[in-house]
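The structure appears below as C-alpha coordinates.
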Amino acid sequence: MTKPLVLESVVKQFGEKTAVSDISLQVEEGEIYGLLGANGAGKTTTMRMVLGLIYPDSGRILYNGKPHNTELRHLMGYLPEERGLYPKVKVSEQIIYLARLRGMSRADADKNLKYWLERFEVPEYYDKKIEELSKGNQQKMGFIAAVVHKPKIVIMDEAFSGLDPVNVELLKATVKELRDKGTSILFSTHRMEHVEELCRNITILDRSKTVLQGNLSEIKKRYPREEVILRTSSEVSGLEGIAGVSRVERQERGYLIRISDVSAARDILHKAMEQSDVEHFEIKEPTLNQIFIREVGESNE
(Lines give C-alpha, C1' and ligand atoms only; values in the text may rest on other atoms or scores of the structure.)
Protein backbone atom coordinates (compact mmCIF):
# COMPACT_ATOMS: atom_id res chain seq x y z
CA MET A 1 0.00 0.00 0.00
CA THR A 2 1.27 3.48 -0.86
CA LYS A 3 2.36 5.48 2.17
CA PRO A 4 0.97 9.04 2.43
CA LEU A 5 4.39 10.54 3.18
CA VAL A 6 7.85 9.08 2.51
CA LEU A 7 11.27 10.73 2.80
CA GLU A 8 14.11 8.83 1.12
CA SER A 9 17.74 9.79 1.93
CA VAL A 10 16.93 13.51 1.97
CA VAL A 11 19.85 15.97 2.15
CA LYS A 12 19.75 19.77 2.40
CA GLN A 13 22.72 22.11 2.53
CA PHE A 14 22.95 25.87 2.94
CA GLY A 15 26.40 26.83 1.66
CA GLU A 16 28.94 24.89 3.72
CA LYS A 17 26.40 23.91 6.37
CA THR A 18 24.51 20.61 6.14
CA ALA A 19 21.09 21.27 7.67
CA VAL A 20 19.65 17.80 6.99
CA SER A 21 21.85 14.79 6.34
CA ASP A 22 20.42 11.65 4.74
CA ILE A 23 17.03 11.51 6.51
CA SER A 24 14.58 8.73 5.66
CA LEU A 25 11.20 8.18 7.30
CA GLN A 26 7.65 7.20 6.42
CA VAL A 27 4.31 8.23 7.88
CA GLU A 28 1.44 5.76 7.62
CA GLU A 29 -2.20 6.62 7.01
CA GLY A 30 -3.84 7.49 10.34
CA GLU A 31 -0.53 7.95 12.18
CA ILE A 32 0.96 10.74 14.28
CA TYR A 33 4.71 10.54 13.62
CA GLY A 34 7.09 12.29 16.04
CA LEU A 35 10.02 14.32 14.68
CA LEU A 36 12.27 15.35 17.57
CA GLY A 37 15.51 17.18 18.11
CA ALA A 38 17.15 20.07 19.91
CA ASN A 39 17.18 23.53 18.33
CA GLY A 40 19.23 23.49 15.13
CA ALA A 41 18.95 19.72 14.70
CA GLY A 42 17.21 20.00 11.30
CA LYS A 43 13.50 19.61 12.20
CA THR A 44 12.27 22.88 10.70
CA THR A 45 14.31 22.42 7.52
CA THR A 46 12.83 18.92 7.15
CA MET A 47 9.29 20.27 7.58
CA ARG A 48 9.90 23.06 5.05
CA MET A 49 11.03 20.46 2.52
CA VAL A 50 7.95 18.32 3.20
CA LEU A 51 5.81 21.43 2.61
CA GLY A 52 7.60 22.14 -0.67
CA LEU A 53 8.81 25.57 0.52
CA ILE A 54 12.39 24.48 -0.16
CA TYR A 55 13.67 21.47 -2.11
CA PRO A 56 16.13 18.73 -1.14
CA ASP A 57 19.60 18.80 -2.71
CA SER A 58 19.41 15.02 -2.99
CA GLY A 59 17.03 12.22 -2.06
CA ARG A 60 13.29 12.53 -2.61
CA ILE A 61 9.99 13.13 -0.86
CA LEU A 62 6.89 11.27 -2.01
CA TYR A 63 3.24 12.04 -1.24
CA ASN A 64 1.00 9.02 -1.87
CA GLY A 65 3.79 7.70 -4.08
CA LYS A 66 4.10 10.88 -6.19
CA PRO A 67 6.70 13.66 -6.16
CA HIS A 68 5.82 17.23 -5.15
CA ASN A 69 3.12 18.74 -7.38
CA THR A 70 0.59 21.58 -7.41
CA GLU A 71 -2.30 19.36 -6.27
CA LEU A 72 -0.56 18.99 -2.93
CA ARG A 73 -1.88 22.22 -1.51
CA HIS A 74 -5.33 20.57 -1.41
CA LEU A 75 -3.83 17.54 0.33
CA MET A 76 -1.73 19.24 3.00
CA GLY A 77 -2.29 21.34 6.11
CA TYR A 78 0.33 23.21 8.11
CA LEU A 79 0.31 24.55 11.65
CA PRO A 80 3.51 26.61 12.06
CA GLU A 81 5.16 27.41 15.37
CA GLU A 82 4.94 31.13 14.58
CA ARG A 83 1.33 32.23 14.40
CA GLY A 84 0.60 32.91 10.74
CA LEU A 85 -2.80 34.66 10.66
CA TYR A 86 -3.34 38.35 9.93
CA PRO A 87 -4.17 40.19 13.17
CA LYS A 88 -6.54 42.80 11.69
CA VAL A 89 -8.65 40.46 9.54
CA LYS A 90 -11.77 38.63 10.75
CA VAL A 91 -11.44 34.94 11.57
CA SER A 92 -14.13 33.94 9.03
CA GLU A 93 -12.71 36.04 6.17
CA GLN A 94 -9.20 34.70 6.34
CA ILE A 95 -9.93 31.04 7.17
CA ILE A 96 -12.50 30.79 4.36
CA TYR A 97 -10.04 32.53 2.00
CA LEU A 98 -7.26 30.07 2.95
CA ALA A 99 -9.60 27.09 2.46
CA ARG A 100 -10.60 28.37 -1.00
CA LEU A 101 -6.92 28.74 -1.94
CA ARG A 102 -6.70 25.01 -1.18
CA GLY A 103 -9.51 24.11 -3.55
CA MET A 104 -12.57 24.18 -1.28
CA SER A 105 -15.83 25.91 -2.18
CA ARG A 106 -16.90 28.92 -0.11
CA ALA A 107 -19.97 27.04 1.17
CA ASP A 108 -17.95 24.00 2.30
CA ALA A 109 -15.28 26.20 3.87
CA ASP A 110 -17.93 28.15 5.79
CA LYS A 111 -19.61 24.95 6.97
CA ASN A 112 -16.29 23.43 8.12
CA LEU A 113 -15.21 26.61 9.88
CA LYS A 114 -18.50 26.69 11.80
CA TYR A 115 -18.06 23.01 12.72
CA TRP A 116 -14.58 23.70 14.18
CA LEU A 117 -15.65 26.85 16.03
CA GLU A 118 -18.43 24.79 17.65
CA ARG A 119 -15.96 21.98 18.36
CA PHE A 120 -13.76 24.45 20.22
CA GLU A 121 -16.82 26.02 21.89
CA VAL A 122 -16.15 29.50 20.44
CA PRO A 123 -18.81 30.06 17.70
CA GLU A 124 -18.80 33.79 18.53
CA TYR A 125 -15.23 34.15 17.10
CA TYR A 126 -16.61 33.92 13.55
CA ASP A 127 -16.75 37.73 13.22
CA LYS A 128 -13.86 38.61 15.53
CA LYS A 129 -10.47 39.87 14.36
CA ILE A 130 -7.49 37.70 15.28
CA GLU A 131 -5.94 40.52 17.35
CA GLU A 132 -9.04 40.55 19.60
CA LEU A 133 -8.32 36.97 20.75
CA SER A 134 -5.99 35.68 23.46
CA LYS A 135 -2.77 33.95 22.37
CA GLY A 136 -4.24 30.53 23.11
CA ASN A 137 -7.34 31.24 21.03
CA GLN A 138 -5.22 32.63 18.18
CA GLN A 139 -3.44 29.27 18.30
CA LYS A 140 -6.77 27.46 18.00
CA MET A 141 -7.68 29.57 14.95
CA GLY A 142 -4.31 28.64 13.43
CA PHE A 143 -5.17 24.99 13.99
CA ILE A 144 -8.55 25.45 12.29
CA ALA A 145 -6.85 27.18 9.34
CA ALA A 146 -4.54 24.13 9.02
CA VAL A 147 -7.34 21.54 8.94
CA VAL A 148 -10.43 23.36 7.61
CA HIS A 149 -9.95 21.99 4.06
CA LYS A 150 -9.81 18.36 5.32
CA PRO A 151 -6.17 17.67 4.41
CA LYS A 152 -4.84 14.12 4.26
CA ILE A 153 -1.38 15.11 5.54
CA VAL A 154 -0.92 17.65 8.35
CA ILE A 155 2.42 19.12 9.45
CA MET A 156 2.42 20.40 13.04
CA ASP A 157 5.38 22.34 14.38
CA GLU A 158 5.21 22.86 18.17
CA ALA A 159 1.41 22.67 17.95
CA PHE A 160 0.80 23.03 21.69
CA SER A 161 3.31 25.74 22.60
CA GLY A 162 1.81 28.66 24.49
CA LEU A 163 -1.41 26.83 25.41
CA ASP A 164 -2.75 26.35 28.93
CA PRO A 165 -3.30 22.74 30.14
CA VAL A 166 -7.06 22.76 29.35
CA ASN A 167 -6.44 23.83 25.75
CA VAL A 168 -3.54 21.39 25.37
CA GLU A 169 -5.94 18.55 26.28
CA LEU A 170 -8.57 19.89 23.86
CA LEU A 171 -6.08 20.11 21.00
CA LYS A 172 -4.61 16.68 21.78
CA ALA A 173 -8.09 15.14 21.66
CA THR A 174 -8.67 16.86 18.31
CA VAL A 175 -5.36 15.63 16.87
CA LYS A 176 -6.26 12.06 17.91
CA GLU A 177 -9.67 12.50 16.26
CA LEU A 178 -7.98 13.50 12.97
CA ARG A 179 -5.66 10.49 13.26
CA ASP A 180 -8.60 8.14 13.82
CA LYS A 181 -10.25 9.48 10.65
CA GLY A 182 -7.15 8.53 8.64
CA THR A 183 -5.15 11.78 8.57
CA SER A 184 -1.36 11.39 8.54
CA ILE A 185 0.35 13.84 10.90
CA LEU A 186 4.03 14.77 11.09
CA PHE A 187 4.39 16.19 14.58
CA SER A 188 7.41 18.12 15.82
CA THR A 189 7.80 19.20 19.43
CA HIS A 190 10.20 19.70 22.33
CA ARG A 191 7.68 18.21 24.77
CA MET A 192 8.54 14.55 25.15
CA GLU A 193 5.44 13.70 27.20
CA HIS A 194 3.22 14.73 24.25
CA VAL A 195 5.19 12.44 21.96
CA GLU A 196 4.84 9.53 24.40
CA GLU A 197 1.08 10.00 24.44
CA LEU A 198 0.48 10.62 20.73
CA CYS A 199 3.19 8.97 18.61
CA ARG A 200 3.79 5.36 17.69
CA ASN A 201 6.99 5.94 15.68
CA ILE A 202 9.65 8.61 16.07
CA THR A 203 12.84 10.01 14.57
CA ILE A 204 15.29 11.92 16.76
CA LEU A 205 17.64 14.27 14.91
CA ASP A 206 20.88 15.69 16.27
CA ARG A 207 23.09 18.09 14.30
CA SER A 208 21.29 17.24 11.03
CA LYS A 209 21.63 13.44 11.44
CA THR A 210 19.21 10.73 12.57
CA VAL A 211 20.42 9.38 15.92
CA LEU A 212 17.41 7.25 16.82
CA GLN A 213 14.45 6.00 14.82
CA GLY A 214 11.67 3.45 15.08
CA ASN A 215 8.73 2.23 17.12
CA LEU A 216 8.67 4.03 20.47
CA SER A 217 7.79 1.01 22.62
CA GLU A 218 10.52 -1.08 20.92
CA ILE A 219 13.06 1.72 21.42
CA LYS A 220 12.21 1.83 25.13
CA LYS A 221 12.89 -1.90 25.49
CA ARG A 222 16.50 -1.32 24.42
CA TYR A 223 17.21 0.87 27.44
CA PRO A 224 17.65 -0.47 30.97
CA ARG A 225 14.98 0.04 33.63
CA GLU A 226 16.81 1.95 36.34
CA GLU A 227 14.09 3.25 38.65
CA VAL A 228 11.60 1.71 41.06
CA ILE A 229 8.67 3.64 42.53
CA LEU A 230 7.54 2.31 45.90
CA ARG A 231 4.67 3.60 48.01
CA THR A 232 3.93 2.06 51.39
CA SER A 233 1.62 2.80 54.30
CA SER A 234 4.58 3.24 56.69
CA GLU A 235 8.34 3.71 56.57
CA VAL A 236 10.60 0.96 55.19
CA SER A 237 14.19 0.70 56.42
CA GLY A 238 17.23 -1.04 54.93
CA LEU A 239 16.47 -0.40 51.24
CA GLU A 240 19.96 1.10 50.72
CA GLY A 241 21.58 -2.20 51.74
CA ILE A 242 19.98 -4.28 48.97
CA ALA A 243 22.41 -5.47 46.26
CA GLY A 244 21.88 -3.52 43.04
CA VAL A 245 20.33 -0.46 44.75
CA SER A 246 22.41 2.65 43.99
CA ARG A 247 20.26 5.39 45.55
CA VAL A 248 17.11 5.72 47.68
CA GLU A 249 15.22 9.01 47.54
CA ARG A 250 12.47 9.67 50.08
CA GLN A 251 9.46 11.24 48.40
CA GLU A 252 6.22 12.78 49.62
CA ARG A 253 4.37 9.48 49.25
CA GLY A 254 7.08 6.83 49.31
CA TYR A 255 10.43 6.17 47.66
CA LEU A 256 12.15 6.60 44.30
CA ILE A 257 14.86 3.96 44.14
CA ARG A 258 17.67 3.93 41.55
CA ILE A 259 18.82 0.44 40.63
CA SER A 260 21.83 -0.78 38.64
CA ASP A 261 20.31 -4.23 38.15
CA VAL A 262 16.63 -4.96 37.53
CA SER A 263 16.81 -8.12 39.68
CA ALA A 264 17.09 -5.83 42.74
CA ALA A 265 13.41 -4.92 42.26
CA ARG A 266 12.20 -8.27 43.63
CA ASP A 267 14.29 -7.85 46.80
CA ILE A 268 12.97 -4.29 47.25
CA LEU A 269 9.39 -5.58 47.08
CA HIS A 270 10.09 -8.41 49.57
CA LYS A 271 11.69 -6.03 52.08
CA ALA A 272 8.80 -3.56 51.74
CA MET A 273 6.17 -6.29 52.24
CA GLU A 274 7.93 -7.54 55.37
CA GLN A 275 7.69 -4.10 57.01
CA SER A 276 4.57 -2.43 55.60
CA ASP A 277 1.56 -2.56 53.29
CA VAL A 278 2.61 -1.88 49.70
CA GLU A 279 0.22 0.56 47.99
CA HIS A 280 2.14 0.96 44.73
CA PHE A 281 5.14 -0.79 43.20
CA GLU A 282 6.45 -0.02 39.72
CA ILE A 283 9.62 -0.73 37.78
CA LYS A 284 9.67 2.36 35.57
CA GLU A 285 10.59 2.16 31.93
CA PRO A 286 12.85 5.03 30.86
CA THR A 287 11.01 8.16 29.76
CA LEU A 288 11.53 9.50 26.26
CA ASN A 289 13.09 12.54 27.91
CA GLN A 290 15.76 10.35 29.55
CA ILE A 291 16.39 8.53 26.26
CA PHE A 292 16.61 11.84 24.38
CA ILE A 293 19.18 13.24 26.84
CA ARG A 294 21.19 10.04 26.66
CA GLU A 295 21.26 10.10 22.84
CA VAL A 296 21.61 13.82 22.19
CA GLY A 297 23.51 14.88 25.31
CA GLU A 298 22.40 17.27 28.02
CA SER A 299 24.26 20.19 26.43
CA ASN A 300 21.74 20.28 23.59
CA GLU A 301 18.50 20.13 25.56
Side-chain angles (χ1 to χ4, degrees), residues 1-7 25-37 43 46-47 50-51 63-64 74-81 83-84 95 98-99 102 104 111-123 125 135-204 213-220 285 287-289 291-292:
M1 198 175 98
T2 310
K3 306 274 190 297
L5 179 62
V6 176
L7 280 69
L25 62 85
Q26 48 190 36
V27 186
E28 305 277 346
E29 191 174 319
E31 174 180 25
I32 304 168
Y33 191 105
L35 183 64
L36 313 173
K43 300 190 304 291
T46 301
M47 291 191 150
V50 170
L51 288 161
Y63 312 82
N64 293 325
H74 302 173
L75 190 75
M76 293 183 75
Y78 176 43
L79 180 60
E81 183 176 5
R83 311 298 156 247
I95 291 182
L98 290 168
R102 292 182 167 130
M104 198 169 230
K111 186 175 142 206
N112 272 11
L113 169 59
K114 284 174 176 162
Y115 162 80
W116 281 110
L117 290 174
E118 286 288 348
R119 177 80 177 73
F120 287 148
E121 297 172 6
V122 287
Y125 288 0
K135 278 210 172 79
N137 284 320
Q138 289 182 21
Q139 172 83 332
K140 285 190 212 163
M141 296 310 107
F143 179 86
I144 293 173
V147 301
V148 70
H149 59 296
K150 298 190 173 175
K152 289 281 167 218
I153 301 170
V154 176
I155 312 300
M156 294 188 171
D157 194 359
E158 295 294 344
F160 307 141
S161 68
L163 291 177
D164 63 61
V166 173
N167 280 319
V168 167
E169 289 309 313
L170 179 62
L171 220 52
K172 275 200 298 207
T174 312
V175 170
K176 289 176 185 171
E177 198 179 291
L178 289 174
R179 172 199 67 194
D180 295 345
K181 287 178 179 167
T183 308
S184 302
I185 298 165
L186 184 61
F187 179 82
S188 167
T189 182
H190 285 99
R191 299 288 297 275
M192 300 297 154
E193 69 275 20
H194 295 157
V195 176
E196 298 210 41
E197 185 180 338
L198 295 169
C199 302
R200 186 168 64 234
N201 296 296
I202 61 164
T203 292
I204 296 180
Q213 184 173 68
N215 178 283
L216 186 50
S217 55
E218 283 168 18
I219 287 171
K220 285 191 167 199
E285 66 177 12
T287 64
L288 185 54
N289 212 46
I291 292 170
F292 183 90

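Throughout, residue positions are numbered sequentially from 1 according to the sequence presented. Every value quoted in this text rests on a predicted model; they were computed, and no experiment measured them.
- For N64, the side chain to side chain donor-acceptor pair (under 3.5 Å) criterion is met by no residue, not counting sequence neighbours.
- With hydrogens and angles disregarded, no donor-acceptor distance shorter than 3.5 Å links the side chain of E196 to the backbone of T287.
- In this structure, the side chains of F120 and N137 stay at 4.5 Å or more apart for every pair of heavy atoms.
- Checking E29 against S184 by side-chain atom types alone, no donor-acceptor pair falls below 3.5 Å.
- Of the inter-residue distances, the one linking N112 atom CG with K150 atom NZ reads 5.0 Å to the nearest 0.5 angstrom.
- Ring planes of F160 and H194: perpendicular class, angle over 60° (limits at 30 and 60°).
- Here the CG-CE distance, from L79 to M47, works out to 9.5 Å after rounding to the nearest 0.5 Å.
- L171 contributes atom CG, which lies 5.0 Å from atom CZ of F143 (distance to the nearest 0.5 angstrom).
- In this structure, the separation between CE on M156 and OG on S188 is 12.0 Å, given to the nearest 0.5 Å.
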*Is there a side chain to side chain contact (heavy atoms under 4.5 Å, CB included) between L25 and L35 once you walk through the steps?*
CA-CA 10 Å; L25 62 85; L35 183 64; 4.2 Å; yes
*side chain to side chain contact (heavy atoms under 4.5 Å, CB included) between K111 and M104, worked out*: CA-CA 11 Å; K111 186 175 142 206; M104 198 169 230; over 6 Å; no
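- Using a 4.5 Å cut-off on side-chain heavy atoms (C-beta onward), L113 and I144 make contact.
- To the nearest 0.5 Å, atom OH of residue Y33 and atom CD1 of residue I155 are 12.5 Å apart.
- Remark: E193 engages R191 in a salt bridge (Lys or Arg N to Asp or Glu O under 4.0 Å) (not counting sequence neighbours).
- Looking at heavy atoms from C-beta onward, E28 lies in side-chain contact with K3 at the 4.5 angstrom threshold.
- For the pair I32/C199, a side-chain contact is recorded, criterion being any heavy-atom separation below 4.5 Å from C-beta on.
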*Check the pair L288, L36 against side chain to side chain contact (heavy atoms under 4.5 Å, CB included), reporting the backbone distance first and the verdict last.*
CA-CA 10 Å; L288 185 54; L36 313 173; 3.8 Å; yes
